[in-house]
Amino acid sequence: MRAQLAPEANTGRYPFTLPIVRELERSGGIDLDPRVTFLVGDNGTGKSTLVEALAVAAGFNPEGGSHAFRFATRASESSLGDHLILRWGIRKPRTGFFLRAESYYNVATEIERLDKDPLSPPLLDSYGGTSPHERSHGESFLDLITHRFGPRGLYLLDEPEAALSVRGCLALVARIVELTAQGSQFVIATHSPVLLAVPGASILQVGADGEIEQVDYDHAEPVALTREFLAMPDRFLRHLLE
Ligand SMILES: Nc1ncnc2c1ncn2[C@@H]1O[C@H](COP(=O)(O)OP(=O)(O)O)[C@@H](O)[C@H]1O
Ligand SMILES: [Mg+2]
């Protein structure tokens with residue numbers, strides 16, 4: 001899948017002022033792996049803005065969910081997605097889901113509402129049978145990826161590790177491998193060195209100037225920095241605090 005900025009989309013305001021969006025404009029677009037693309041980079045480099053724009057361009061609710069979700073709790077979504085053109089590879093995804101840690105609570109509320117809506121079929125079974133509000137954040141996330149995610153889907157996740165233990169992250173890695181073997185595609189913004197270990201994934205690192213560089217696992221910043229820290233936490237901290 002390739003994501004390109006529509007010509008003359010630039011409004012001169014956010015999000016077009018972000019370095020990562022200028023880079024999209026300059027480079028003519030960004031190629032996403034047919035299986036797994038990770039976006040890494042420091043806080044504020046624009047990863048969430050990009051993932052959300054991909055979600056909007058793919059027809060998902062900007063605050064999370066699938067095509068069926070239409071709730072809105074705030075009007076702060078960037079308009080980037082309206083100016084992003086997605087060129088699909090061999091085939092368009094059959095289904096999908098957009099999940100951002102920040103608004104998961106609202107997605108959970110919407111799942112409950114849709115389930116109770118007499119005009120729509122019962123929904124909870126496809127989310128594991130229990131309302132996400134009656135599960136922990138991590139449990140309900142694992143319900144979602146186990147029961148709701150399926151073959152030939154497009155899954156856009158923003159910092160899924162926010163909900164997950166290390167064990168939970170490993171479970172997500174296993175599920176990603178399973179689903180990509182069934183034709184699903186993932187785009188994931190993350191800081192988790194565990195998630196990044198998905199074999200064969202493309203890791204795109206966004207720099208402070210918006211430049212997007214493909215890096216291998218060992219050179220991805222979350223991996224390199226965590227490794228450095230874990231090798232000598234005491235020394236690392238002393239250096240940091242002095
Ligand atoms: N609604 C908004 N209006 C104006 N600027 C925003 C808005 N949302 C985010 N930004 C700006 O965009 C930058 C990138 O944000 P974001 O995409 O959330 O970064 P990341 O997910 O990489 O941490 C932020 O530093 C902020 O300055
Ligand atoms: Mg973010």
Side-chain angles (χ1 to χ4, degrees), residues 3-6 9-27 29-33 36-58 60-65 71-84 86 96-108 137-138 141 144-145 154-164 168-169 172 176 186-196 198 201-215 219-226:
Q4 286 172 298
L5 213 55
N10 198 332
T11 58
R13 279 172 302 155
Y14 171 83
F16 297 97
T17 46
L18 284 184
I20 190 177
V21 181
R22 289 164 178 269
E23 173 67 21
L24 274 182
E25 217 175 2
R26 194 163 49 229
S27 66
I30 178 175
D31 285 309
L32 300 165
D33 191 275
V36 185
T37 305
F38 286 111
L39 298 171
V40 300
D42 226 330
N43 298 125
T45 47
K47 305 177 300 299
S48 294
T49 302
L50 182 58
V51 173
E52 179 193 299
L54 290 169
V56 170
F60 300 134
N61 188 31
E63 291 190 40
F71 71 90
T73 56
R74 57 185 189 130
S76 66
E77 311 320 322
S78 74
S79 57
L80 184 60
D82 299 330
H83 303 282
L84 213 55
L86 298 184
F97 213 90
F98 167 43
L99 205 67
R100 54 199 309 176
E102 291 163 63
S103 56
Y104 185 67
Y105 183 90
N106 299 330
V107 171
H137 188 188
F141 183 80
L144 182 77
I145 62 164
L154 172 65
Y155 300 105
L156 306 169
L157 310 177
D158 194 1
E159 297 188 27
E161 71 271 20
L164 300 173
C169 283
L172 177 55
I176 290 170
F186 286 80
V187 181
I188 306 175
T190 188
H191 301 294
S192 167
V194 176
L195 281 190
L196 289 172
V198 171
S202 160
I203 303 177
L204 303 180
Q205 185 154 289
V206 188
D209 298 327
E211 73 280 11
I212 300 172
E213 182 194 6
Q214 183 160 9
V215 294
H219 290 97
E221 196 175 76
V223 176
L225 205 53
T226 305

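First listed ligand is number 1; within each ligand, the first listed atom is number 1.
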Centre-to-centre under 6.0 Å for Tyr105 and His137, is that the case here?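 Centroid distance Tyr105-His137: not below 6.0 Å, so no.
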Which one of Pro15, Gly41, Pro19, Gly44 has a non-hydrogen atom at the shortest distance from atom 25 (O) of ligand 1?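 Checking each option, the heavy atom nearest atom 25 (O) of ligand 1 is found in Gly44.
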Quick test of your reading of the structure: of Thr49, Leu39, Thr45, Asp42, whose heavy atom lies closest to atom 15 (O) of ligand 1?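 It is Thr49 that holds the nearest heavy atom.
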Counting heavy atoms only, which part of Leu18 comes closer than 4.0 Å to ligand 1: side chain, backbone, both or neither?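 Just the side chain.
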With 2.8 Å as the limit, count the protein N, O or S atoms near the Mg ion (ligand 2).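 That number is 1, waters not included.
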Would you call Glu159-Arg100 a salt bridge at under 4.0 Å N-O?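 So Glu159 does not pair with Arg100 through a salt bridge.
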Examine ligand 1 and decide if any of its atoms is less than 4.0 Å from a heavy atom belonging to Gly46.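 Flag set, Gly46 near ligand 1.
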Can you name the atoms of ligand 1, numbered from 1 with element, that are less than 4.0 Å from a heavy atom of Ser48?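 It comes down to these atoms of ligand 1: 17 (O), 18 (O), 20 (P), 21 (O).
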Hey, mind stepping through Leu86 and Leu32 against side-chain contact (heavy atoms from CB on, under 4.5 Å) and telling me if it holds? CA-CA 10 Å; Leu86 298 184; Leu32 300 165; 5.6 Å; no
Can you measure from CD1 (Ile188) to OG1 (Thr37) and round to the nearest 0.5 angstrom?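 Interatomic distance, Ile188 CD1 to Thr37 OG1, rounded to 0.5 Å: 9.0 Å.
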Can you list everything that forms a ring-ring contact (aromatic ring centres under 6.0 Å, His included) with Phe60? Sequence neighbours excluded, please.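 Applying ring-ring contact (aromatic ring centres under 6.0 Å, His included) to Phe60 gives His67.
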Give a yes or no on whether the backbone of Asp209 and the side-chain of Glu211 come within a donor-acceptor separation of less than 3.5 Å.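 The answer is yes, because a donor-acceptor pair under 3.5 Å joins these two groups.
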Under the salt bridge (Lys or Arg N to Asp or Glu O under 4.0 Å) rule, collect the residues that match up with Asp33, sequence neighbours excluded.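 Listed in chain order: nothing, the list is empty.
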Which residue pairs satisfy the salt bridge (Lys or Arg N to Asp or Glu O under 4.0 Å) criterion with at least one member in residues 12-23, sequence neighbours excluded?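 The answer is Glu23-Arg26.
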